[in-house]
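These figures come from a predicted structure and were not determined experimentally.
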Amino acid sequence: MASQTEENYLKSLFALSRSPKGVNVSELSTLLQVSLPTVNSMVKNLKKQGLVNYEKYKPISLTGKGKKAAALVLRKHRLTEMFLVEKMGFGWEVVHDIAEQVEHIDSPEFFDRMDKLLGFPKFDPHGSPIPDKNGAIAHEIKTRLSDCKPGDRVKIAAISQDSSDFIRFLNNNELHLGTEISINSIESFDKSMIVTYKDHASKMLSKEVCDRLLVEQL
């Protein structure tokens, strides 16, 4: 059984490992907000357990065992978020912090029953895929709104960062999963988008917001 700290490292490595260059110690230090010596010590410990590949001055990568362990932590986190929204009525903007605590419960049966109660959902409230009980995770290709073109019609399918402040911004602007958006134009200066959705005649979304919204073409 991995400790809570070890699970946080594995989850962070999983999130950072989307880069083809691998993960360096300083990136991990910044994300976890801990010192470089502390990160070095933990990474060496994870290597001893067969969870990561690591050599001094080279990128860190998860082993097959490490990827499965990280995916199972994500499973617990994302199932908890879904349970909080679907069964307990919490808003999607507040469930992340609660799930950060619940994800460290060491009881696969508890989360399997949660999964069954929810009807085996494939995605969490933010549109991220939920790994199955074996750690397998679907990799669906979604497009950033910022990569779309004028004239495109799209639907919000997920968000790439689920910070509470960002989700509150989306709530305040009536942007949710499933919202259909028509792209009217893109400003050449700052790449902000003028869009139409719901009853809004037109709305400007900054490039930062468009980068964080993952969409599917209609």
Side-chain angles (χ1 to χ4, degrees), residues 1-83 95-96 98-144 157-162 212 214:
M1 172 186 169
S3 70
Q4 180 172 329
T5 302
E6 288 168 345
E7 288 187 337
N8 285 336
Y9 270 79
L10 291 172
K11 191 172 66 167
S12 297
L13 280 167
F14 192 91
L16 291 169
S17 63
R18 294 168 188 166
S19 167
K21 296 180 292 185
V23 180
N24 62 51
V25 173
S26 60
E27 287 177 310
L28 197 52
S29 172
T30 299
L31 181 60
L32 290 166
Q33 298 183 321
V34 294
S35 69
L36 288 172
T38 300
V39 171
N40 271 311
S41 176
M42 177 56 75
V43 169
K44 289 175 183 176
N45 179 41
L46 294 174
K47 181 181 178 180
K48 287 179 183 177
Q49 297 180 57
L51 297 168
V52 302
N53 300 305
Y54 175 61
E55 292 181 33
K56 198 171 183 180
Y57 306 123
K58 291 187 177 181
I60 311 159
S61 63
L62 290 165
T63 63
K65 179 181 176 182
K67 287 177 182 176
K68 180 177 179 180
L72 291 177
V73 178
L74 285 176
R75 169 178 168 79
K76 294 188 288 184
H77 183 102
R78 292 174 179 174
L79 279 173
T80 299
E81 288 190 333
M82 200 64 175
F83 191 85
V95 295
H96 177 78
I98 303 172
E100 284 281 296
Q101 301 173 62
V102 178
E103 70 185 30
H104 299 296
I105 294 174
D106 182 32
S107 175
E109 183 181 3
F110 174 81
F111 292 98
D112 288 347
R113 290 194 182 192
M114 186 184 288
D115 195 11
K116 184 177 180 180
L117 281 171
L118 289 166
F120 306 103
K122 299 297 183 186
F123 299 94
D124 74 6
H126 309 113
S128 298
I130 299 173
D132 67 19
K133 61 168 62 180
N134 297 311
I137 184 169
H139 291 284
E140 292 206 345
I141 298 173
K142 295 184 175 70
T143 306
R144 294 186 305 174
I159 57 177
S160 63
Q161 297 183 37
D162 57 358
R212 294 186 181 193
L214 304 179

Is the closest side-chain heavy-atom distance between [X] and [Y] below 4.5 Å?
X	Y	answer
His77	Glu7	no
Leu13	Val52	yes
Thr80	Val95	no
Asn8	Glu103	yes
Leu214	Arg144	yes
Val43	Leu28	yes
Asn45	Glu6	yes
Val34	Tyr9	yes

Search all heavy atoms of [X] against all heavy atoms of [Y] and return the closest pair with its distance.
X	Y	value
Gly50	Thr63	O-OG1, 2.6 Å
Leu10	Gly66	CD2-O, 4.4 Å
Leu72	Gly135	CD2-N, 3.7 Å
Val25	Ile60	CG2-CD1, 3.9 Å

Inset, instruction - Only pairs at least two apart or in different chains count here, so list each salt bridge (Lys or Arg N to Asp or Glu O under 4.0 Å) that has a residue in residues 56-69. - result: Glu55-Lys58
Inset, instruction - Please confirm whether the backbone N or O of Ser26 pairs with a side-chain atom of Asn24, one donor and one acceptor, at under 3.5 Å? - result: yes
Legend entry - Residue pairs passing the side chain to side chain donor-acceptor pair (under 3.5 Å) test where at least one lies in residues 30-41, sequence neighbours excluded: Ser35-Thr38, Asn40-Tyr54
Which atom pairs, one a donor and one an acceptor, fall under 3.5 Å between side chains of residues 111-130 and the rest of the protein, sequence neighbours left out?
residue	atom	partner	partner atom	Å
Asp112	OD1	Arg75	NH2	2.9
Arg113	NE	Glu109	OE2	3.3
Arg113	NH2	Glu109	OE2	2.8
Asp115	OD2	Arg75	NH1	3.4
Asp115	OD2	Arg75	NH2	3.2
Asp124	OD1	His126	N	2.8
Asp124	OD1	Gly127	N	3.0
Asp124	OD1	Ser128	N	2.9
His126	ND1	Glu81	OE1	3.2
His126	NE2	Trp92	O	2.8

Legend entry - Leu16 CG to Lys11 NZ distance, which is reported to the nearest 0.5 Å: 12.0 Å
